[in-house]
Amino acid sequence: MKKIEAIIKPFKLDEVKEALHEVGLQGLTVTEAKGFGRQKGHTELYRGAEYVVDFLPKVKIELVIDESLVERAVEAIQQAAHTGRIGDGKIFISTVEEAIRIRTGERGSDAI
């Protein structure tokens with residue numbers, strides 16, 4: 001099993017969710033997040049005063065899936081979240097040793 005964590009722009013969430021659904025993935029967790037990468041935020045003008053926005057709004061998507069679906073899921077996220085502009089986000093993939101469904105006690109792939 002693998003865990004995919006994707007940090008994307010908030011307005012791309014629905015497109016990414018639909019793309020993952022089309023690949024056949026059912027469950028995912030979404031968290032509102034703030035952060036910055038290479039662009040280190042930006043400056044904005046508000047009522048004549050300029051101020052720095054250090055942390056930009058992002059959305060973090062997490063899903064645990066069978067290894068056979070990883071490439072298709074990553075491709076779906078990349079295509080749906082892509083705008084071609086700085087700050088499109090990142091995808092991280094890590095190994096999950098065990099998954100347990102609390103309600104039934106199922107383990108491994110059966111739990112996801």
Side-chain angles (χ1 to χ4, degrees):
M1 293 176 293
K2 296 285 187 180
K3 179 179 184 179
I4 298 176
E5 295 178 74
I7 312 294
I8 63 169
K9 292 182 176 186
F11 67 89
K12 285 293 196 171
L13 177 59
D14 286 336
E15 291 177 49
V16 170
K17 186 181 82 169
E18 287 300 317
L20 289 171
H21 190 293
E22 288 175 16
V23 170
L25 300 172
Q26 297 173 332
L28 64 117
T29 302
V30 176
T31 309
E32 289 184 25
K34 290 184 179 188
F36 65 87
R38 288 187 187 149
Q39 80 266 34
K40 298 192 176 48
H42 63 275
T43 57
E44 287 188 4
L45 200 61
Y46 180 71
R47 294 190 177 179
E50 194 174 272
Y51 65 99
V52 176
V53 179
D54 289 336
F55 295 101
L56 302 171
K58 299 289 181 181
V59 171
K60 180 178 180 181
I61 299 170
E62 298 174 88
L63 55 149
V64 176
I65 58 176
D66 196 67
E67 285 191 48
S68 62
L69 297 171
V70 170
E71 284 306 314
R72 291 191 323 202
V74 168
E75 191 175 308
I77 294 168
Q78 274 185 294
Q79 289 179 357
H82 181 265
T83 66
R85 300 181 57 117
I86 194 164
D88 271 354
K90 299 266 191 306
I91 300 172
F92 304 101
I93 303 168
S94 55
T95 301
V96 174
E97 291 185 28
E98 183 69 275
I100 303 164
R101 185 186 307 264
I102 295 173
R103 180 176 54 88
T104 61
E106 293 170 295
R107 291 178 172 264
S109 294
D110 293 335
I112 56 173

Item to complete: List the atom of Pro57, the atom of Pro10, and the distance in Å for their closest heavy-atom pair.
Response: O-CD, 3.4 Å
Item to complete: State whether a side-chain donor-acceptor pair under 3.5 Å links Lys2 with Thr95.
Response: yes
Practice prompt. Identify the heavy atoms of Ile112 and Val64 that sit nearest to each other, and give their distance.
Written response: CD1-O, 3.8 Å
Discussion item. Do Leu56 and Ile7 land in one hydrophobic cluster if side-chain heavy atoms of ILVMFWY residues count as linked below 4.5 Å?
Written reply: no
Worksheet item: If you measure from CD1 on Ile77 to CG on Leu25, what distance do you get to the nearest 0.5 Å?
Response: 8.0 Å
Response to the item:
Applied to residues 102-112, the side-chain hydrogen bond (donor to acceptor under 3.5 Å, both in side chains) test, sequence neighbours excluded, yields Asp66-Ser109, Arg101-Glu106, Thr104-Glu106
Item to complete: Take atom CD of Glu98 as the centre, draw a 6.0 Å sphere, and report whether it contains more than 12 heavy atoms from other residues, nucleotides or ligands.
Response: yes
Response to the item:
Heavy atoms of Thr83 and Lys12 approach each other most closely as CG2-CE, 3.4 Å
Response to the item:
Rounding to 0.5 Å, atoms CD1 (Ile93) and CD (Glu5) come to a distance of 10.5 Å
Discussion item. Show the nearest heavy-atom pair for residues Ala73 and Ile4, with the distance to one decimal.
Written reply: CB-CD1, 3.8 Å
Practice prompt. Nearest 0.5 Å please: distance from the CD atom of Gln78 over to the CD1 atom of Ile91.
Written response: 5.0 Å
Item to complete: Take atom NZ of Lys9 as the centre, draw a 6.0 Å sphere, and report whether it contains more than 12 heavy atoms from other residues, nucleotides or ligands.
Response: yes
Practice prompt. Could you pull out the closest heavy-atom pair between Ala81 and Ile8, with the gap in Å?
Written response: CB-CG2, 3.8 Å
Discussion item. Testing the basics here: between Ala99 and Ala111, what is the closest heavy-atom pair and its distance to 0.1 Å?
Written reply: O-CB, 3.5 Å
Item to complete: Please examine the side chains of Ile61 and Leu13, heavy atoms only from C-beta on, and report whether any two atoms are closer than 4.5 Å.
Response: yes
Item to complete: Working to the nearest 0.5 Å, report the span between CD of Gln79 and CD of Glu15.
Response: 11.5 Å
Worksheet item: Is there a path from Val70 to Met1 through hydrophobic residues (I, L, V, M, F, W, Y) whose side chains come within less than 4.5 Å of each other?
Response: no
Worksheet, complete the sentence: Applied to residues 21-30, the side-chain hydrogen bond (donor to acceptor under 3.5 Å, both in side chains) test, sequence neighbours excluded, yields none
